2 protein chains.
Amino acid sequence: MKQKFRSNCPISSALDLIGDKWSLLIIRDMMFSGKKTYSEFSNSNEKIATNILSNRLSMLEELGIINKGKLEGNKKTNIYSLTQKGKELLPIILEIAQWSDNNLNDHLKDGAKPFVNKFKSNKESFIQNMYARFEKQEG
Amino acid sequence: MKQKFRSNCPISSALDLIGDKWSLLIIRDMMFSGKKTYSEFSNSNEKIATNILSNRLSMLEELGIINKGKLEGNKKTNIYSLTQKGKELLPIILEIAQWSDNNLNDHLKDGAKPFVNKFKSNKESFIQNMYARFEKQEG
DNA sequence: ATTTTAACTTGCATTATGAAAGTTATTCTA
DNA sequence: TAGAATAACTTTCATAATGCAAGTTAAAAT
């Protein structure tokens, strides 16, 4: 069994789990687009390959970041949802978005501003509102 | 010339640049351990391979996240420093550390607490203090 | 003058990613 | 109720990234 963590540093350890180019995009789509099925994730702008999507969903589930479930009366569609551990990735994602808005202007122009302005001045309350929304989605 | 960005999403775009397992660790070492030379980076706990280190330093420089310079009277040692764009990665790194402290307890035990407690309750002032420290290091 | 140090580069094996096509079970539709 | 479509994968294979070990070059120290 291979060693999962390179060190006991909290930053390095997080990167060992979600430090790739796809995992956080799946989480992003769950948080901001309400996506919850394989085929919804499969339709992202970034065009994730299906084998990678399959692999990442397994890993995220194994890591306890998402749950896999079904709706009653439907044996076909898998419904993925965020665990608490997954929901708590929100602050990281917001800081990433803000960094991009500040520093990738040549590429993004002002395209990220409408999104970033929603939380820029009031991050903590935005986060709490999102957490509340996550609860509603489940209920 | 290959397309650098998968989409115009700010999250995806940041991951296109620094969404790998090593870049943020180099930044971490610059921020919290005052590392600034190739051989210092080479001695990290996580044992980065020298070819990867070399490659990441080039990329980070090319992306405008770090600068490469020399000290007067020394033609040998390269001195790497954070640009503003690089310094602004600090909030992301802090959120990552906090997430790990909250969610990777089996692995980290309480090892991250001494670090995380420094900013947990006062993030904005910690960040400002760090920014001030970055200035001093350069001057 | 020789050794050591700093910063790489090279070669090669292993692993991850990406694109396309194929598979299976379930559900919808004529 | 038979065929078509959908959801969720898996497989194959080519390409790219990573990791390890050893080698290189110039500068600095002894």
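Labels below follow one simple rule: chain letters A, B, ... track the order of the sequence lines, proteins then strands, and each chain is numbered from 1. Every value quoted in this text rests on a predicted model; they were computed, and no experiment measured them.
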Separation of [N] [atom2] from [X] [atom1] (nearest whole Å):
X: A:Lys47; N: C:dA20; atom1: NZ; atom2: C1'; answer: 15 Å
X: A:Ile52; N: D:dC13; atom1: CD1; atom2: C1'; answer: 14 Å
X: A:Glu40; N: D:dC9; atom1: CD; atom2: P; answer: 13 Å
X: B:Leu53; N: D:dC20; atom1: CG; atom2: C1'; answer: 15 Å
X: B:Asn55; N: D:dC20; atom1: CG; atom2: C1'; answer: 16 Å
X: A:Glu46; N: C:dA19; atom1: CD; atom2: P; answer: 13 Å
X: A:Ile48; N: D:dT10; atom1: CD1; atom2: P; answer: 14 Å
X: B:Lys35; N: C:dA6; atom1: NZ; atom2: C1'; answer: 15 Å

Distance-only check: which donor-acceptor pairs under 3.5 Å involve side-chain atoms of residues 48-55 of chain A, not counting sequence neighbours?
none

Residue-phosphate contact under 4.0 Å: B:Ser54 side-chain N/O, C:dT9 OP1/OP2: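 Affirmative; the distance criterion is met.
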Of all pairs that satisfy side chain to side chain donor-acceptor pair (under 3.5 Å), the ones with a partner from residues 68-77 of chain A, not counting sequence neighbours: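 As it turns out, the side chain to side chain donor-acceptor pair (under 3.5 Å) pairs with a partner in residues 68-77 of chain A, which skip direct neighbours, are A:Lys70-A:Asn78, A:Asn74-A:Thr77.
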Show the distances under 3.5 angstrom between N or O atoms of the protein and N or O atoms of nucleotides 10-14 of chain C.
none

Give every pair of a protein N or O atom and an N or O atom of nucleotides 28-30 of chain C that lie under 3.5 Å apart, one pair per line with the distance.
none

NZ/NE/NH1/NH2 to OD/OE distance under 4.0 Å, B:Lys87 and B:Glu138: yes
Scan the side chains in residues 110-121 of chain B for donor-acceptor partners under 3.5 Å anywhere in the protein, sequence neighbours excluded, and list what turns up.
unit_1	atom_1	unit_2	atom_2	d
B:Lys113	NZ	B:Asp101	OD1	2.9
B:Lys113	NZ	B:Asp101	OD2	3.3
B:Asn117	ND2	B:Lys113	O	3.3

Sugar-phosphate only, base, or nothing, as touched by B:Thr37 at under 4.0 Å among non-hydrogen atoms: sugar-phosphate
Sugar-phosphate, base or nothing in reach of B:Phe41, heavy atoms under 4.0 Å: nothing
Residue list, side-chain contact (heavy atoms from CB on, under 4.5 Å) with A:Asn122, at least two apart or on another chain: A:Ser125
Residues which pass side-chain contact (heavy atoms from CB on, under 4.5 Å) with B:Asn67, listed by chain and number, not counting sequence neighbours: B:Ser81, B:Thr83
Linked, directly or transitively: A:Ile66 and A:Leu71 (ILVMFWY side chains, under 4.5 Å): no
Residues within residues 9-30 of chain A bordering DNA chain D, heavy-atom distance below 4.0 Å: none
Strand contacts (DNA chain D) in residues 68-78 of chain A, 4.0 angstrom heavy-atom criterion: A:Lys68, A:Lys76, A:Thr77, A:Asn78
Other cluster members, B:Met59 - Ile/Leu/Val/Met/Phe/Trp/Tyr, side-chain contacts below 4.5 Å: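 So far as hydrophobic clustering goes, B:Met59 is joined with none.
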Pairwise salt bridge (charged side-chain N to carboxylate O under 4.0 Å, His left out) hits with a residue in residues 14-30 of chain B, at least two apart: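 The answer is B:Arg6-B:Asp16, B:Asp20-B:Arg56, B:Arg28-B:Glu46, B:Asp29-B:Lys35.
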CH2-CD distance between A:Trp99 and A:Glu95, expressed to the nearest 0.5 angstrom: 12.5 Å
Atom pair CD1/CG of A:Ile127 and A:Leu90 - distance to nearest 0.5 Å: 5.5 Å
Pairs where residues 35-84 of chain B contributes a residue and the test ring-ring contact (aromatic ring centres under 6.0 Å, His included) is met, not counting sequence neighbours: none
Positive for side-chain hydrogen bond (donor to acceptor under 3.5 Å, both in side chains) with A:Asn103, one of B:Lys85, B:Glu88, B:Gln84: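 The single option meeting the side-chain hydrogen bond (donor to acceptor under 3.5 Å, both in side chains) with A:Asn103 is B:Glu88.
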Donor-acceptor pair between A:Lys123 and A:Gln98 side chains, under 3.5 angstrom: yes
5' priority, DNA chain D, between B:Ala49 and A:Ser58 [closest heavy atom]: A:Ser58
